[in-house]
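The analysis underlying the following values was restricted to heavy atoms, covering all of them including side chains, and did not include hydrogens, waters or symmetry mates. All residue numbers refer to positions in the sequence shown, counting from 1.
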Amino acid sequence: MEGYLIKKVLNNNVLLVQRNNQSYILVGKGIGFGRKKGTLIKDLENIEEKFIALKGLDNDEYESFITTVDPQVIETTQKIIEILKAEMEEAVETHAYVALVDHINFAIKRLKEGIEIVNPFLFEIELLYPEEYELAKKAVLILEEDLKTDIPEAEIGFLTLHIYGVRKDRSKNEALEHSRMISEILDLVEKKLQIKLEKNSFLCRRFVMHLMGVIDRAYSKKFYENKFLHKLEEDLKKEFNVAYYIVKILENTLKIKIPEGELGYIAIHLHKMNS
């Protein structure tokens with residue numbers, strides 16, 4: 001088939017089309033104006049970079065996507081995707097695009113219904129994924145302008161996870177798992193050391209970034225030798241014991257092995273926060 005067959009005009013700028021038994025959403029300024037179901041679009045100049053392939057959706061998911069998603073949300077999400085592609089210099093996977101549209105649509109619906117959005121891992125998300133967080137803030141400005149809705153900071157965190165997930169070989173669920181894990185570790189530190197952490201403090205942020213370095217080294221199997229391990233274990237008994245529990249959380253969550261030498265470096269960071 002040459003061109004795209006219109007299956008449904010969602011609004012003046014958004015069309016549901018089909019080509020070779022594959023469904024797509026086309027987004028373009030005025031692309032739906034004056035068009036009708038059943039007609040063929042042959043001239044796709046300036047449109048090819050603005051379409052969503054709806055592959056991978058089963059019949060129920062497809063029907064839900066078409067009937068429940070606000071076309072304005074699709075149009076606005078397309079603007080956000082263009083910014084993401086330009087700033088990340090990466091392609092955006094179709095499944096991640098559809099998930100982002102679905103998430104934004106649901107979030108806007110809840111906000112308009114007066115349902116509060118709560119994000120218990122906002123600090124961890126912002127600290128672990130600063131680049132994606134900044135992109136999420138830009139996305140929120142676009143959403144607020146286009147959809148005339150105030151977006152709370154909690155939603156910036158959730159958008160950050162989705163933006164992380166649109167990047168190649170990355171998973172939104174993985175990012176959320178890391179955020180939950182860091183939150184669990186910080187709670188453990190407060191409980192075991194009987195202190196109240198100032199999460200925005202330099203020491204706390206440096207501690208979290210050190211933990212992410214431990215994770216990166218564990219995955220790449222590149223570790224630093226710790227010649228003072230036994231001395232640290234002797235001098236920092238309490239912190240060393242807490243470091244042991246932290247390593248177990250990392251190992252059990254990520255299914256990786258962390259060498260004993262890392263315990264000493266973690267204990268040093270704990271000692272500084274406990275001083």
### Message
Set out, in order, the CA-CA distance, both residues' side-chain angles and the distance that settles side chain to side chain contact (heavy atoms under 4.5 Å, CB included) for Glu153 and Asn119, then state yes or no.
### Response
CA-CA 9 Å; Glu153 190 177 14; Asn119 190 334; over 6 Å; no
Transitively linked via ILVMFWY side-chain contacts under 4.5 Å: [X] with [Y]?
X	Y	result
Leu159	Leu141	no
Ile249	Tyr245	yes
Leu203	Met209	yes

Using a strict 4.0 Å threshold on nitrogen-to-oxygen distance, state whether [X] and [Y] make a salt bridge.
X	Y	result
Arg180	Glu124	no
Lys191	Asp187	no
Glu116	Arg110	no

Donor-acceptor pair, [X] side chain versus [Y] backbone, under 3.5 Å?
X	Y	value
Asn105	Thr68	yes
Thr253	Leu250	no
Asn241	Lys237	no
Thr77	Glu75	no
Glu251	Ile258	yes
Glu126	Tyr133	no

### Message
Is there a side chain to side chain contact (heavy atoms under 4.5 Å, CB included) between Met181 and Leu254? Walk through the geometry before answering.
### Response
CA-CA 9 Å; Met181 178 186 66; Leu254 305 175; 4.0 Å; yes
### Query
Would Leu188 and Ile246 satisfy side chain to side chain contact (heavy atoms under 4.5 Å, CB included), going step by step from the backbone distance to the final call?
CA-CA 8 Å; Leu188 173 78; Ile246 290 172; 3.9 Å; yes
### Task
Enter the distance from Ile195:CD1 to Leu197:CG here, rounded to the nearest 0.5 Å.
4.5 Å
### Task
Starting at OG of Ser179, measure out to CG of Leu161 and round the result to the nearest 0.5 Å.
5.5 Å
### Task
Taking atom types as modelled, find out whether Glu82 and Gln78 have a side-chain donor-acceptor pair closer than 3.5 angstrom.
yes
### Task
Determine whether the side chains of Glu174 and Tyr164 contain a donor N or O and an acceptor N or O closer than 3.5 Å.
yes
### Message
Within the 4.5 Å heavy-atom criterion, are Phe123 and Leu186 side-chain neighbours or not?
### Response
yes
### Query
Just wondering, do Leu135 and Leu84 contact through their side chains at under 4.5 Å, heavy atoms?
yes
### Query
Tell me, which pairs form a salt bridge (charged side-chain N to carboxylate O under 4.0 Å, His left out) where one or both residues lie in residues 139-152, sequence neighbours left out?
Lys79-Asp146
#### Entry: For Val101, the option from Ile74, Ile25, Asp70, Thr76 that meets side-chain contact (heavy atoms from CB on, under 4.5 Å)
Ile74
### Task
Carefully, step by step, assess Lys137 and Glu134 under the rule salt bridge (Lys or Arg N to Asp or Glu O under 4.0 Å).
CA-CA 5 Å; Lys137 290 201 294 187; Glu134 288 303 312; 3.2 Å; yes
### Query
Can you say whether the rings of Tyr4 and Tyr24 are parallel (under 30°), tilted (30 to 60°) or perpendicular (over 60°)?
perpendicular
